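What follows is a set of notes on a single structure, which appears directly below.
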Amino acid sequence: MSSPLDLTGPEERPERTEAQAPADSAERLSEHETPSRAPQAPSEPSYSADAEEDDGFDDDDDTEDAGPEVSDEIRAATEALKAAEAEDAQAAAEAGDEAEEPEAVILEPEPEPAANEPELQAPTTTRTGEPAEIDPDEMDPDALKVVLRLHQHGHQAYLVGGCVRDLLLGKKPKDFDVATSAHPGEVRAIFRNCRLIGRRFRLAHVYFKGGKIVEVSTFRANPTELEPAVGAAGAPGSEDGQAGEDLLITHDNVFGTAQQDARRRDFTINGLFYDAAEGRVIDYVRGRRDLDERFIRTIGDPEIRMREDPVRILRAVRFAAKLDLDIESRTYAAMEGAVEDLPRCAPARLLEETFRLIRGGVSAPALKLLAALDALKILLPPVDAYLREHGKEGEKTFYAFAQALDKRVSAGEVLDDAILLATLLVPISRAQPPVEESQDEGRASVSRVIEDLLAGFVESARLPRRIAERCRMLLLMQRTLTGERRRKTGAFRRHPLFNEALAVFTMTVEATGEGREALEAWQAGEVPPPRAGANSSGDAEGPRRKRRRRRRRRGNGSGEGGGSGASSGSDAGEG
């Protein structure tokens with residue numbers, strides 16, 4: 001790479017290829033989705049126009065700003081972020097599926113049921129008179145409507161996967177998926193408010209008011225179970241080829257039966273179906289037993305299932321942390337053996353599954369389990385190196401940051417992906433010396449290992465460039481928030497990412513207990529006292545060069561500085 005964060009590689013977020021598509025559909029990523037959910041950066045004024053008149057800041061009169069000045073490093077990072085956002089937008093406009101506008105959705109009116117048709121209402125009791133295994137009131141009414149309408153037209157249709165699992169555990173599902181014997185075209189013919197998506201495997205999205213989508217998939221079979229056991233070396237049924245065969249699934253677009261669809265799923269707790277028309281759970285894979293025993297167990301041979309799709313390691317970790325379940329011993333052993341196969345998976349899938357762990361409010365236990373499996377060296381190499389180098393004390397510090405992050409997420413706060421990643425990288429950033437100036441860009445940067453990590457995510461894992469640049473800027477801004485660098489604060493508070501940087505700093509204070517006075521000062525719109533030995537110029541160590549003050553083109557700016565400081569305090573409070 002020519003620079004610490006060379007962001008000139010192929011643009012992120014092209015469509016997944018068939019070989020990169022997930023083998024598991026319990027929580028699949030369809031082609032229209034992107035691995036990152038971060039919102040666009042706020043549209044704020046640029047600070048580069050007047051900053052050219054002065055290339056540094058004085059330490060005196062820090063509460064009265066002479067104009068919209070920012071440090072060289074943050075100004076350069078801001079310009080890089082703007083360029084990344086512009087290129088992201090252009091790439092999205094040029095991408096086929098990204099540029100495609102959703103079809104107009106026409107909500108289907110409820111037809112009058114014919115005399116011989118059952119009412120579209122889930123029963124509260126089974127045919128034997130016993131209570132339904134899941135109360136219909138706990139289910140999504142629109143998902144029930146889809147299931148019962150498919151039944152009405154003669155198709156098998158069940159609620160599947162995570163929603164059934166969560167309801168049986170007494171948790172509220174985040175969404176409801178439906179599996180059916182109807183082919184995608186038949187589903188679309190039944191629902192006028194339906195759109196088919198996907199190239200590799202067609203899925204039906206049924207739209208409802210408020211933007212709700214119920215995803216309907218056709219029963220599929222595991223392609224490895226359909227292969228003939230020909231007895232040749234390397235064939236699925238061959239004993240000679242069992243040890244050396246490549247079981248990685250690169251396609252799973254074969255229609256099947258309900259039982260085949262259940263058996264192709266990853267874990268028994270995700271293979272449960274619920275027949276809303278009958279009020280009963282359909283269990284082809286003994287998932288009820290494992291739910292009762294609170295175990296995560298693969299469907300079928302765990303070694304084969306993990307080799308088919310090593311991303312299942314991350315899914316098992318997420319379910320264990322999210323649902324507080326134990327991983328069955330053979331499944332755990334297979335996960336340990338399959339860690340070395342993770343690099344064979346699509347980097348974008350690995351990154352998305354890693355972000356799912358962090359977004360779920362259980363990053364601390366999940367990352368601990370990944371560290372025990374020795375998977376962090378592949379997913380987050382700087383974190384793995386930090387934990388190994390700093391031992392018990394490093395573990396305590398890092399997981400304190402993860403717990404502070406989980407606390408925010410569990411409280412319902414929606415955090416940008418850049419904030420999530422930056423918070424976990426703060427301990428590494430604090431432990432590693434920054435690269436004061438990159439040779440070819442002339443800009444200050446964060447530590448080399450973090451620069452390399454972000455560059456790698458952009459180039460290989462298709463992390464949006466704007467997320468990488470935002471994360472980088474948030475880490476740079478911590479040095480000013482902590483008082484390590486002194487800056488005139490009016491322009492700093494007005495920076496578009498000030499509130500996000502302050503959120504990261506808040507979690508740093510919660511994790512370490514350090515800097516609380518500085519945090520309270522920033523939140524109150526005041527100037528925190530400088531840290532001992534703080535670098536006031538932001539340049540490399542050495543004597544500060546004397547600068548010639550330039551005449552302002554628009555007055556002396558003192559009035560603006562006072563007003564800006566007042567408004568900045570208000571903005572900081574909102575963050």
Side-chain angles (χ1 to χ4, degrees), residues 22 24 26-29 33-38 161-162 165-166 171 174-175 266-267 269-270 296 306 309-327 331-332 335-336 338-339 341-343 345-384 386-387 395 398-428 453-454 456-457 461-464 467 471 504 507 511:
D24 301 312
E27 292 189 29
R28 68 181 64 80
L29 290 176
E33 294 176 331
T34 59
S36 185
R37 303 181 299 183
R165 175 200 68 214
D166 291 347
K171 299 180 178 293
K174 67 175 184 178
D175 51 30
D266 48 8
F267 305 108
I269 60 174
N270 293 334
I296 294 175
M306 290 298 167
D309 185 11
V311 173
R312 288 171 177 158
I313 296 172
L314 278 69
R315 289 171 57 80
V317 167
R318 176 155 56 90
F319 296 140
K322 173 185 174 182
L323 304 174
D324 193 24
L325 303 179
D326 293 325
I327 300 177
T331 300
Y332 187 85
M335 291 166 60
E336 288 182 307
V339 163
D341 291 329
L342 282 173
C345 301
R349 268 191 82 203
L350 293 178
L351 183 62
E352 169 59 15
E353 286 294 339
T354 302
F355 266 117
R356 283 189 176 186
L357 292 174
I358 302 172
R359 296 184 194 122
V362 290
S363 64
L367 291 171
K368 285 181 181 179
L369 187 49
L370 287 175
L373 289 166
D374 205 21
L376 284 182
K377 65 182 180 183
I378 297 170
L379 303 172
L380 295 169
V383 173
D384 180 71
Y386 172 84
L387 295 176
E395 290 182 11
F398 176 78
Y399 291 119
F401 275 84
Q403 289 167 357
L405 184 62
D406 291 341
K407 182 179 178 181
R408 288 259 179 146
V409 174
S410 299
E413 188 169 348
V414 179
L415 299 178
D416 183 278
D417 281 351
I419 296 178
L420 299 174
L421 186 57
T423 302
L424 293 180
L425 294 179
V426 166
I428 293 92
L453 175 73
L454 295 177
F457 280 167
R462 294 181 297 196
L463 178 71
I467 300 301
C471 177
V504 175
M507 287 184 276

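Side-chain atoms are counted along with the backbone in the values below, which use heavy atoms only and exclude waters and symmetry mates. Nothing here was measured: the structure is a model prediction, and the numbers come from that model.
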Closest heavy-atom pair and its distance - Leu420, Val409 | CD2-CG2, 4.3 Å
Taking atom CE of Met507 and atom CG of Leu415, what is their separation to the nearest 0.5 Å?
-> 5.5 Å
Glu352 bridged to Arg356 by N-O distance under 4.0 Å = yes
Is any side-chain heavy atom of Leu380 less than 4.5 Å from a side-chain heavy atom of Leu425?
-> no
Look up atom CG in Leu367 and atom CG in Leu387, then write down how far apart they are to the nearest 0.5 Å.
-> 9.0 Å
Taking all non-hydrogen atoms of both residues, which atom of Ala320 and which atom of Ile296 are closest, and how far apart?
-> N-CD1, 3.3 Å
Looking only at heavy atoms, what is the nearest atom pair of Phe457 and Leu379, with distance?
-> CZ-O, 3.8 Å
So Lys171 and Leu323, side-chain contact (heavy atoms from CB on, under 4.5 Å) or not? Walk me through it.
-> CA-CA 9 Å; Lys171 299 180 178 293; Leu323 304 174; 3.7 Å; yes
Val383 versus Leu376, closest heavy-atom pair with distance = CG1-CD1, 4.1 Å
Per salt bridge (Lys or Arg N to Asp or Glu O under 4.0 Å), Asp266 is matched among Arg165, Arg315, Arg312 by Arg315
On the 0 to 90° scale, with breaks at 30° and 60°, tag the Phe267-Phe319 ring pair as parallel, tilted or perpendicular.
-> perpendicular
Given Val362 and Asp324, is the side-chain contact (heavy atoms from CB on, under 4.5 Å) satisfied, shown in steps?
-> CA-CA 10 Å; Val362 290; Asp324 193 24; over 6 Å; no
Look up atom CZ in Arg318 and atom OG1 in Thr354, then write down how far apart they are to the nearest 0.5 Å.
-> 10.5 Å
State, to 0.1 Å, how close Tyr332 and Leu369 come at their nearest heavy-atom pair, and which atoms those are.
-> CE1-CD1, 3.9 Å
Distance from Ile378 atom CD1 to Asp384 atom CG, nearest 0.5 Å?
-> 9.5 Å
Roughly how far, to the nearest 0.5 Å, is the CD1 atom of Ile419 from the CD1 atom of Ile467?
-> 9.5 Å
Would you say the side chain of Thr423 lies within less than 4.5 Å of the side chain of Ile358, judging by non-hydrogen atoms?
-> no
Min side-chain heavy-atom separation Met335-Val317 under 4.5 Å = yes
Can you check side-chain contact (heavy atoms from CB on, under 4.5 Å) on Phe401 and Ile428, steps first, answer last?
-> CA-CA 11 Å; Phe401 275 84; Ile428 293 92; over 6 Å; no
State, to 0.1 Å, how close Asp406 and Ala364 come at their nearest heavy-atom pair, and which atoms those are.
-> OD2-N, 2.9 Å
To the nearest 0.5 angstrom, please state how far the CD1 atom of Ile313 sits from the CG atom of Asp341.
-> 7.5 Å
Candidate pair Asp374 and Glu336, rule side-chain contact (heavy atoms from CB on, under 4.5 Å), full reasoning | CA-CA 8 Å; Asp374 205 21; Glu336 288 182 307; over 6 Å; no
